[in-house]
Amino acid sequence: MTLIPHRPIGRTGLSVPELGFGAASLGNLYHPVPDADARAAIDAALDAGLGYVDTAPHYGRGLSERRVGDALRGRGDTVISTKVGRLMDPDPSIIDDRERDGFRSPMPFRMRYDYSYDGILRSHEHSLQRLGLGKVDLLYIHDIGRYTHGDAADGYWQQLTSGGGLKALEKLRDEGAIAGFGVGVNEIQVCLDVMQEARLDAILLAGRYTLLEQDALDALFPVCMAAGTSIVIGGPYNSGILATGTRRGGTIHYDYGPAPEDVLIHVRGIESVADRHGVRLPAAALAFVLAHPLVASVIPGIGSADRVAQTVDLYGEAIPAAFWSELRSEGLLRLDAPVPAPETAA
Ligand SMILES: NC(=O)c1ccc[n+]([C@@H]2O[C@H](COP(=O)([O-])OP(=O)(O)OC[C@H]3O[C@@H](n4cnc5c(N)ncnc54)[C@H](OP(=O)(O)O)[C@@H]3O)[C@@H](O)[C@H]2O)c1
């Protein structure tokens with residue numbers, strides 16, 4: 001069995017396995033996942049040592065939290081994060097599993113954003129009820145920023161700052177109700193903005209530090225290093241393309257939509273180098289992000305027990321140093337991005 005080392009999260013005293021479980025899939029992201037498959041996926045993940053699970057109220061409007069909580073109850077050895085910023089209001093008109101916000105879940109709730117003091121405390125309480133757990137370890141402020149809210153972002157920023165949202169999170173941390181908090185977003189600037197206002201334990205950064213893009217090295221990572229804020233890598237495959245590659249039929253996904261041409265060209269370049277060195281693309285995607293010392297864990301989206309086994313196998317792949325050198329010399333990887341240390345002979 002592959003042993004998965006643990007890494008610390010900020011100053012929380014918590015440590016998490018460097019390979020974790022992204023549970024957006026268990027909210028029926030894009031396609032339904034039967035209850036039994038969802039349960040088998042989490043059980044397999046925990047058995048394999050992926051004892052860090054990330055969920056959110058948004059993922060299937062509560063469905064992912066329910067499934068995660070049912071599987072984790074009584075397992076004290078796991079770390080769980082969920083998110084704040086979206087409240088679920090009952091809506092009896094929802095009775096089928098048509099796709100809503102990308103999720104095929106029939107959970108009868110309508111989503112409402114609320115990053116205020118009361119909204120954050122209520123969201124935390126609601127999550128505990130849905131999870132059926134006495135505690136969550138980490139809370140991420142979910143999707144605050146322009147990537148999600150566009151012109152409405154300023155109003156939500158006010159809720160978080162002058163409206164007391166950050167105060168609520170600090171209170172929960174000070175009282176020990178949570179071990180730590182941070183933000184969970186797909187963009188860099190808002191992380192820097194929130195870090196001006198509060199001490200963050202971790203940032204769940206989705207898609208913005210991957211084998212495909214490394215802009216986070218410029219402004220964000222140095223600030224995190226100075227502040228002692230860990231990075232958790234969400235969306236390590238940029239929501240699909242770094243797992244599937246470019247060669248299979250059908251839509252190739254990048255950031256929740258069809259991959260644009262410049263991204264396809266970049267990934268084709270990486271694939272050619274990977275072919276020359278006998279490296280699997282998703283294995284490189286996982287190994288690359290884990291080479292950065294700020295990264296505490298990488299949490300690919302996993303929706304089945306088979307995918308757990310496949311992911312652990314990818315994680316365990318030995319990647320030759322020449323692969324990383326060639327990516328750099330071909331201009332496919334930034335020169336200042338750390339790469340895994342070469343394997344040393346025993
Ligand atoms: N704002 C935020 O806080 C935020 C945003 C995004 C993500 N996240 C977190 O990060 C986690 C992962 O992100 P994500 O699920 O959006 O994206 P991801 O991990 O980059 O990609 C998931 C996609 O890759 C496919 N995939 C995974 N492993 C594969 C493999 N071995 N071979 C082929 N395809 C594979 C999955 O396909 P199948 O569907 O077929 O399994 C799924 O469509 C989420 O679950 C969530 O916990 C957080």
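Note: hydrogens, waters and symmetry copies are ignored here, and every other heavy atom, side chains too, is used. Both counts, for ligands and for their atoms, begin at 1 and track the order of listing.
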Heavy-atom pairs closer than 4.0 Å: do any link ligand 1 to the side chain of [X], the backbone, both, or neither?
{"X": "Tyr140", "value": "neither"}
{"X": "His253", "value": "neither"}
{"X": "Val185", "value": "backbone"}
{"X": "Ala24", "value": "both"}

Any atom of ligand 1 sitting under 4.0 Å from a heavy atom of [X]?
{"X": "Phe21", "result": "no"}
{"X": "Leu242", "result": "no"}
{"X": "Ala23", "result": "yes"}
{"X": "Gly303", "result": "no"}
{"X": "Tyr30", "result": "no"}
{"X": "Thr311", "result": "no"}

Have [X] and [Y] got a donor and an acceptor in their side chains that come within less than 3.5 Å?
{"X": "Tyr115", "Y": "His149", "result": "yes"}
{"X": "Asp306", "Y": "Gln310", "result": "no"}
{"X": "Tyr140", "Y": "Asp54", "result": "no"}
{"X": "Asp201", "Y": "Thr12", "result": "no"}
{"X": "Ser81", "Y": "Tyr52", "result": "yes"}

Check: Among Ile241, Val298, Asn238, which one satisfies side chain to side chain contact (heavy atoms under 4.5 Å, CB included) with Thr210?
Finding: Asn238

Check: With Asp275, which residues qualify under side-chain hydrogen bond (donor to acceptor under 3.5 Å, both in side chains), at least two apart?
Finding: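 Expected list: Arg247.
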
Margin query: Heavy atom to atom 4 (C) of ligand 1, shortest distance: which of Pro300, Gly27, Ala206 holds it?
Written below: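 It is Ala206 whose heavy atom sits nearest to atom 4 (C) of ligand 1.
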
Next item on the list: Just jot down the ligand 1 atoms closer than 4.0 angstrom to any heavy atom of Gly301, in number order.
Entry: 12 (C), 15 (O), 19 (O), 27 (C)

Next item on the list: Using a distance threshold of 4.0 Å (strictly less than), state whether atom 42 (C) of ligand 1 has a protein heavy-atom neighbour.
Entry: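 It does not: no protein heavy atom is found less than 4.0 Å away from atom 42 (C) of ligand 1.
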
